[in-house]
Amino acid sequence: MFEDLAGKVAVITGGARGLGFQMAKALAAQGVRIGLLDLLSDVVGSAGQLAGTDAVGVTCDVTDPESVASAMAAVGERLGVPAILVNAAGISLWGESTEVSPELWRKVIDVNLSGTFFTCQAFARAVLAAQTAGQAAGAPDRAFTGSIINISSMSAFVVNVPQHQVSYNASKAAVDQLTRSLAVEWIGRGIRVNAVAPGYFLSDMTRQFIDQNPELGKGWTTAIPAGRMGEPPDLDGLVTFLASDASRYIVGESIVIDGGYSIV
C-alpha cells in the first residue's frame, strides 16, 4: 500500500471501461477518490462499480477543451482538488497509409495527442489555482501538488506488425514528447509528469478482437518473451507507484511494460 495516496483525488480519462477502468480500480484500492471521465454515457455506471471509495462519472469529450474544463470542475466540486491524472483515453484505427483519410488521421491525433494535452492543461490549472488559493489562506508551499500519468504505448518506440497504424504510432510518439516537455515545464511548480507505455494487453476490446482473429493474437503472443499478453492488473503496481510520493524523483519518463516485446 502507498499510504500517501489515501484520500487523494484522481481523474481518469477513458475510465468507463478497459484499461482506464482497471487503473481506476487500482487507485481506488489505495483509498483514492475517483473521477471517471469518458465519452461513453455508461461512465456513470462504471463509477458506481467502484466500491469502498467516493467516485463520480462525468461524460466528457477530451478533444473539446471546454468539455474537459467542465468535467474537471465537476470532479473538483464533488470530490475536491485533483492530485492525480491518468490519461487513458485513446483510439487506434488501422489501414494502409495510402488510404487513410484526413478525417481518420485527425480523429486519432485529436483523441490521443490533443485530448491528452487538453486534459493535462485543465488538471494543471486546477492544481495551480489550488496552490494560489492555499498560499493566500496561509497554507504551506506545495500544499497542493500533482502527478500526471499519460498512457503512451510501446508503439511510440516500435512499429507494430503486421497491422498498419501510422496515426496511432505517431500519436503515441508525440505523447511521449509531450510528457517530457510538460515534465520539464511543470516540475518546478509541483506537478510531475510521466508516462506508461503498455504493450499488447488483454483489454476487453483486445480479447474480442483476437477471439475473431486468433492467428494474429497467436503471432503477437509468440513474439513476446514473457510468453503471454499483459493482463489489465499487470498495470496496477506501476500506475499506483507513479501516482504516489514513492516516485517523487521520477520525472518525464515513459516506462515500457510489454513483457519484453520491444527489446527483441
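Treat the numbers as computed from the prediction; the structure is a model and nothing was measured. Residue numbers run from 1 in the order of the sequence given.
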Rounded to the nearest 0.5 Å, how far apart are OG of Ser247 and CD of Glu253? 11.0 Å
Got a donor-acceptor contact below 3.5 angstrom from the Arg192 side chain to the Ala183 backbone? no
Straight-line distance of Asn194 CG to Ser254 OG, nearest 0.5 Å: 9.0 Å
For residues Ala16 and Asp38, report the shortest heavy-atom separation together with the two atoms involved. N-OD2, 3.1 Å
Could you verify whether a donor N or O on one side chain and an acceptor N or O on the other, from Trp94 and Gln165, lie under 3.5 Å apart? yes
Quick check: does any side chain N or O of Arg125 sit under 3.5 Å from a backbone N or O of Ala122, one acting as donor and the other as acceptor? no
Spatial distance of atom CG (Leu36) from atom OG1 (Thr59) [nearest 0.5 Å]: 12.0 Å
Tell me the closest heavy-atom pair linking Asn87 and Ile148, and the distance in Å. ND2-CG2, 4.3 Å
With a 4.0 Å cut-off, would you call Arg228 and Asp234 a salt bridge? yes
Heavy-atom closest pair, residues Val11 and Pro82: CG2-CB, 3.9 Å
May I ask you to test the Met1-Gln30 pair for a side-chain heavy-atom distance under 4.5 Å? yes
So, Asn160 versus Tyr200: side-chain donor-acceptor pair below 3.5 Å or not? yes
Indicate whether any N or O donor in one side chain lies under 3.5 Å from an N or O acceptor in the other, for Asn150 and Thr116. no
Side-chain contact, heavy-atom cut-off 4.5 Å: Val196 with Ser152? no
Do other residues, nucleotides or ligands put more than 12 heavy atoms under 6.0 Å from the CZ atom of Arg17? no
Pro198 and Asp258, any side-chain heavy atoms less than 4.5 Å apart: no
Worked check of side chain to side chain contact (heavy atoms under 4.5 Å, CB included) between Met72 and Thr119: CA-CA 8 Å; Met72 196 71 69; Thr119 313; 4.0 Å; yes
Assess the residue pair Leu238 and Leu242 against the criterion (side chain to side chain contact (heavy atoms under 4.5 Å, CB included)); give the C-alpha distance rounded to whole Å, side-chain angles, the decisive distance to 0.1 Å, and a yes or no. CA-CA 6 Å; Leu238 180 55; Leu242 289 175; 4.1 Å; yes
Determine the minimum heavy-atom distance between Ala10 and Val32, stating which atoms define it. CB-CG1, 3.5 Å
Please check if the distance between the ring centroids of Trp186 and Phe123 is under 6.0 Å. no
If I take atom OG from residue Ser167 and atom NZ from residue Lys172, how far apart are they, to the nearest 0.5 angstrom? 11.0 Å
Before giving the answer on side chain to side chain donor-acceptor pair (under 3.5 Å), spell out for Thr206 and Ser203 the whole-Å C-alpha distance, their side-chain angles and the decisive distance to 0.1 Å. CA-CA 5 Å; Thr206 301; Ser203 64; 3.0 Å; yes
What verdict does the side chain to side chain donor-acceptor pair (under 3.5 Å) test give for Asn112 and Ser171, after you've listed the backbone C-alpha separation in whole Å, the side-chain angles of each residue and the deciding distance to 0.1 Å? CA-CA 6 Å; Asn112 294 358; Ser171 71; 3.1 Å; yes
Could you tell me which non-hydrogen atom of Leu79 sits nearest to which non-hydrogen atom of Ile34, and how far apart they are? CD1-O, 3.3 Å
What is the minimum heavy-atom distance between Thr53 and Ala28, and which atoms define it? CG2-CB, 3.7 Å
